[in-house]
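What follows is a set of notes on a single structure, which appears directly below.
Please read these numbers as outputs of a predicted model, since none were measured by experiment. Reminder, nothing fancy here: chain letters follow the sequence lines and each chain counts from 1.
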Amino acid sequence: MAIGWYLTVSAIIFCIGGGGVMVRRNPLVVLLCLELMLNGANLALVAFARMWGTEDGQIFALIVMVVAACEVTVGLGLVVAIYRRRLPIDVDELSELHG
Amino acid sequence: MSAVLFFIAAIGAITGAIGVVLVRNPFYSVLALAVHLVSLAALFLLLRAEFVAAAQVVVYAGAVMVLYVFVVAYVGGGEQLASGAVLRVLGPLFALALAVELCIAMLGAGLKGVSSKGAPFIPGFGTPRHIGQLFLTQYLFPFEAASILMLVAAMGAVVLARRRRGLEAEEQAAFRVEAPRPAYTGTMAEAAGLRPHSGDEPLTPEVEAVGTTTSDATRQQGGW
């Protein structure tokens, strides 16, 4: 398959994730949609690595995975902390920092 | 063959992604994301990125998904309300416009490589040997920075999710298990002989509550 197909799939996945971040209100699902966006970017990186025949893009994808895992850990810790304080688990309701 | 595999994996990845967004129950969203990740690993394999595919399955579909499932089970789904009317209409529109724009930008870029099948295959491309060699030579600094980042994130998660004494005094009091534990059920005091064994005297319906202050007599005998 041509590299362009992979890039198309990655763009579609990224946009589904982006739409999900805007539409959904549960922070857990928002985190899942962020994962989708990162995965779309990962697919594009690996596709470009294949296109150039070098492994630099794969290294980049692995680093993105590390960052995504860290982000998920901190995000889920926040969700657990929100739950412990009996606050609503809803990104629209959590507006203490709104100013 | 590779085209068939590509379409199967791509359809799996895209349906999984759509499922994450559309399914109401967060638990099913997590399961849809697992489907998406496995399909994406297949796409990585088709792109000859063996190590990335393996890491994807182990790290994401293994570890991160388990974390998600635990948190969803702990927090609970909660009621899923639809988002505000404006974002609900604008969000999908924006996503669609972004998809079209990205496709035009990438496919219409005129790069020769985009319409090709990629560079000629080098034996060993994408294997752990090559990746590890790159990580420990050319990309040593990002590797170390990533390890420090993971350490910081792990500590941060522990600090964020720990129980805070002052904030949750009443909650802890509400959650404290006050189930009475029957006496003579194998405490350390019984094992050490400080308290008579269950066989020595008839079982009385005496109970002691866990975590609460007991009478002076039992305190002298040692509770645990």
Side-chain angles (χ1 to χ4, degrees), chain A residues 1-9 11-20 22-26 28-29 32-33 35-36 39 42-43 46-47 49-53 55-56 58-59 61-63 65-74 76-81 83-86 89-90 92, chain B residues 2-3 6 10 13-14 17-18 20-21 26 29 33 40 43-44 47-49 52 55 59 64 67 71-72 74-75 78 80-81 83 87-88 91-92 94-95 98-99 102-103 106-107 113-119 122 126 130-131 134-135 139 142 146 149-150 153-154 156-157 160-161 167-168:
Chain A
M1 298 302 295
I3 299 294
W5 285 94
Y6 291 96
L7 296 180
T8 312
V9 172
I12 291 171
I13 291 172
F14 183 86
C15 294
I16 291 171
M22 283 183 281
V23 170
R24 297 300 295 260
R25 289 168 70 186
N26 189 331
L28 280 166
V29 184
L32 288 174
C33 293
E35 294 285 318
L36 284 183
N39 276 324
N42 261 352
L43 183 58
V46 174
R50 175 84 187 96
M51 181 173 120
W52 284 99
E55 280 134 339
D56 302 355
Q58 298 186 12
I59 301 276
L62 285 168
I63 298 287
M65 270 187 208
V66 170
V67 174
C70 294
E71 165 242 323
V72 163
T73 318
V74 175
L76 290 182
L78 276 175
V79 170
V80 170
Y83 178 72
R84 283 255 174 84
R85 298 191 59 176
R86 294 272 186 275
I89 301 184
D90 187 332
D92 287 352
Chain B
S2 101
F6 169 79
I14 292 176
I18 292 174
V20 170
V21 177
S29 286
L33 188 68
L40 209 63
L43 284 180
F44 286 163
L47 284 168
R48 300 190 186 280
V52 180
V59 173
V64 174
L67 198 64
V71 172
V72 169
Y74 179 65
V75 171
Q80 278 305 301
L81 303 167
S83 185
L87 266 186
R88 202 176 178 193
F94 177 73
L98 192 64
L102 276 177
C103 284
M106 286 197 293
L107 301 181
V114 169
S115 52
S116 76
K117 286 193 173 185
I122 312 157
H130 280 211
I131 300 282
L134 276 176
F135 257 135
Y139 294 100
L149 178 68
M150 294 200 88
L160 275 175
L167 291 173
E168 299 171 356

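The most heavy-atom pairs under 4.5 Å with chain B, out of V66(A), L32(A), V74(A), come from L32(A). The most heavy-atom pairs under 4.5 Å with chain A, out of A13(B), A154(B), A3(B), come from A3(B). Of all the listed residues (V67(A), L76(A), T73(A)), the one sharing the greatest number of non-hydrogen pairs under 4.5 Å with chain B is L76(A). Per-residue counts of heavy-atom pairs under 4.5 Å with chain B were compared for I59(A), I12(A), I13(A), L78(A); the largest is that of I59(A). When each of N39(A), V79(A), V80(A), D56(A) is scored by its heavy-atom pairs under 4.5 Å with chain B, the top score falls to N39(A).
Within the 4.5 angstrom heavy-atom criterion, atoms from both the backbone and the side chain of I14(B) approach chain A. Looking at L62(A), the atoms closer than 4.5 Å to chain B (heavy atoms on both sides) all sit in the side chain, from C-beta outward. Contacts of Y6(A) with chain B are made by both backbone and side-chain atoms, with heavy-atom separations under 4.5 Å. Residue E71(A): no heavy atom, backbone or side chain, is found under 4.5 Å from chain B. Of the atoms belonging to L28(A), heavy atoms from both backbone and side chain fall under 4.5 Å from chain B. Of the two parts of L33(B), only the side chain, counted from C-beta on, holds a non-hydrogen atom closer than 4.5 Å to a non-hydrogen atom of chain A. For chain A, the nearby part of L40(B) is the side chain; its heavy atoms alone come within less than 4.5 Å. Only the side chain of V64(B) has a heavy atom closer than 4.5 Å to any heavy atom of chain A.
Note that CG of L47(B) and CD1 of I3(A) are 6.0 Å apart. Values are rounded to the nearest 0.5 Å. The line from CG of L36(A) to CG of N42(A) is 12.0 Å long, rounded to the nearest 0.5 Å.
Counting heavy atoms from C-beta on, the side chains of F6(B) and V9(A) come closer than 4.5 Å. No side-chain heavy atom of Y83(A) sits under 4.5 Å from any side-chain heavy atom of V71(B). Using a 4.5 Å heavy-atom cutoff, the side chains of I16(A) and V20(B) are not in contact. Side-chain atoms of V23(A) and F94(B), non-hydrogen and from C-beta on, never get closer than 4.5 Å to each other.
Closest approach of P26(B) and N26(A) over heavy atoms only: CG-ND2, 3.5 Å. Of all the heavy atoms in G53(A) and I122(B), the pair that sits closest is O-CD1, 3.7 Å.
Between the Q58(A) side chain and the V46(A) main chain, no donor and acceptor come within less than 3.5 Å of each other.
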